[in-house]
Amino acid sequence: MPELAEVEIVRRNLEGWWTEPASEVRLLDDELLVRGDPQTLRGLLTSQPPEMGRRGKYLLAGFDDGAIVFHFRMTGKIVLAHQPEPDYARLSWRVDPGWLVFKDRRRLGRVEVFEDDAIDDYEPLTTMGPEPWDLTGELLRDRLSQRRRLKDALMDQSSIAGVGNIAVSELFWRLKLPPDAQVSDLDDDDFEALAAEIPTYFDDIIDREMADEVTYVEEDSSANPFDVYGREGGPCPRCGTEIAREKIAGRSSYFCPQCQS
DNA sequence: TAGTCTGTTAGACA
DNA sequence: CTGTCTAACAGACT
């Protein structure tokens, strides 16, 4: 899915859009709903406008007698549309004057429904690490295993919440860390700098991307809001050296070979 | 054409 | 338990 910043943008958008109970619900792809049954989902969507929340990359809709959890994985998103079944629509609910539509081209996203307080025991949330804005250098040092690559450790949602593959490239560039840095390479000052930069990074990206519909890099490269991610061969914004790309922990990392060594 | 790549993460493996 | 790899899906790209 989008990373934390994109989920937060969807959350804010839904607070403005979803101000009444849904008047109609269309579940267009049964496999989207991986927990709970369609009737309960319909019941919640049509009951009241929910309290919107977010934890890490999970979007939460809280109701008096249950909750819905949305996870977008790689390509999911929720948009406000004029019609219920635009391309890749998986679930739509009507909140006049439009439709809220869960779109997902790759169908990896998921929706889960919980009755009453069952969400309180939902494991991904109960084991998730702290939000970026709650980090301190000390907390990071304690939570990141010394035996791991820094990239692996940061992307593990049980270490800290919200960091994905894009954020890793951007954070490493901002902090001038080599892409294959190990947690054990960091000293206390590095942990402090990282703890300060992670929330700043997400604040920056939320500001840059805040829009009615998030545009992902893969859909529109001209709108790439990142400094190094997706910019292989382009100039480093700091020193002009060509940005390189390398697979670290199985996924592409973008970095400046000059600044980050 | 065939192989590679993509924003996540659960589950399999060593 | 811990760390690492890959499948799940549907394209787009080389």
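These numbers come from the heavy atoms of this one structure, side chains and all, not from hydrogens, waters or symmetry mates. Note that the structure is predicted; figures quoted are calculated from it, not measured. Throughout, protein chains are lettered first and strands after them, A, B, ... in sequence-line order, and every chain is numbered starting at 1.
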dT9(B) phosphate, OP1 or OP2, under 4.0 Å from H71(A) side-chain N/O: yes
Would you mind reading off the distance between Y229(A) atom OH and dC5(B) atom C1', rounded to a whole angstrom? 10 Å
Using a 4.0 Å heavy-atom cut-off, does K247(A) contact any base of the nucleic acid, only the sugar-phosphate backbone, or nothing at all? sugar-phosphate
Touch check for G250(A), heavy atoms < 4.0 angstrom, all strands: base, sugar-phosphate only, or nothing? nothing
Report yes or no: is the cationic atom of R42(A) (NZ for Lys, CZ for Arg) closer than 6.0 Å to the six-membered ring centre of W93(A), at no more than 45° off its axis? no
Ring centre gap for F255(A) and F172(A) strictly below 6.0 Å: no
Which comes earlier along DNA chain B counting from the 5' end, the contact point of S252(A) or that of Q157(A), where each point is its nearest nucleotide? S252(A)
For F72(A) and F70(A), take the angle between the two ring planes, folded into 0 to 90°, and tell me which bin it lands in: parallel under 30, tilted 30 to 60, perpendicular over 60. parallel
Ignoring hydrogens and angles, are the base of dT4(C) and the side chain of R148(A) linked by a donor-acceptor pair under 3.5 Å? no
Do side-chain atoms of E197(A) reach the backbone of L175(A) as a donor and acceptor pair under 3.5 angstrom? no
Under 4.0 Å, heavy atoms only, any strand: does R147(A) hit a base, just the sugar-phosphate, or nothing? sugar-phosphate
Polar side-chain contact R107(A)-dC9(C) base: donor and acceptor under 3.5 Å: no
Here the distance between atom C1' of dT4(C) and atom CZ of R251(A), to the nearest Å, is 14 Å
Please give, in whole Å, the distance from dT8(B) C1' to M155(A) CE? 8 Å
Looking at R149(A), does any N or O in its side chain come under 4.0 Å of the phosphate oxygens OP1/OP2 on dC5(C)? yes
To the nearest angstrom, how far is K151(A) atom NZ from dT4(C) atom P? 13 Å
Could E15(A) and R12(A) be called an ion pair, given the rule that one side-chain N must be under 4.0 Å from one carboxylate O? no
For the pair made of CE in M74(A) and P in dA12(C), what is the distance, rounded to whole Å? 15 Å
Both P124(A) and N165(A) contact DNA chain B. Taking the nearest nucleotide for each, which residue is further toward the 5' end? N165(A)
If the cut-off is 4.0 Å, is R245(A) near the phosphate of dT6(B), judged by side-chain N/O to OP1 or OP2? yes
R110(A) CZ - dA7(C) C1' separation (whole Å): 12 Å
Between C1' on dG11(C) and OH on Y88(A), what's the gap in Å once rounded to a whole number? 7 Å
Picking from dT8(B), dA8(C), dA10(B), which would you name as closest to the side chain of Y58(A)? dA10(B)
Nucleotide forming a Watson-Crick or wobble pair with dC5(B), both distances under 3.5 Å: dG11(C)
When the P atoms of dC9(C) and dT1(B) are considered, how many whole Å apart are they? 23 Å
May I ask you to evaluate whether R105(A) reaches the phosphate of dA12(C), defined as a side-chain N or O under 4.0 Å from OP1 or OP2? no
With sugar-phosphate meaning primed atoms plus P, OP1 and OP2, does D152(A) contact a base, only sugar-phosphate, or nothing at under 4.0 Å between heavy atoms? sugar-phosphate
Looking at dG3(C), I'd like to know if its phosphate oxygens (OP1 or OP2) sit under 4.0 Å from a side-chain N or O belonging to S145(A). yes
Please state how far atom CD1 in I248(A) lies from atom P in dG3(C), giving the value in whole angstrom units. 18 Å
In terms of ring plane angle, is the pair Y254(A) and Y229(A) parallel, tilted or perpendicular, where the classes change at 30° and 60°? perpendicular
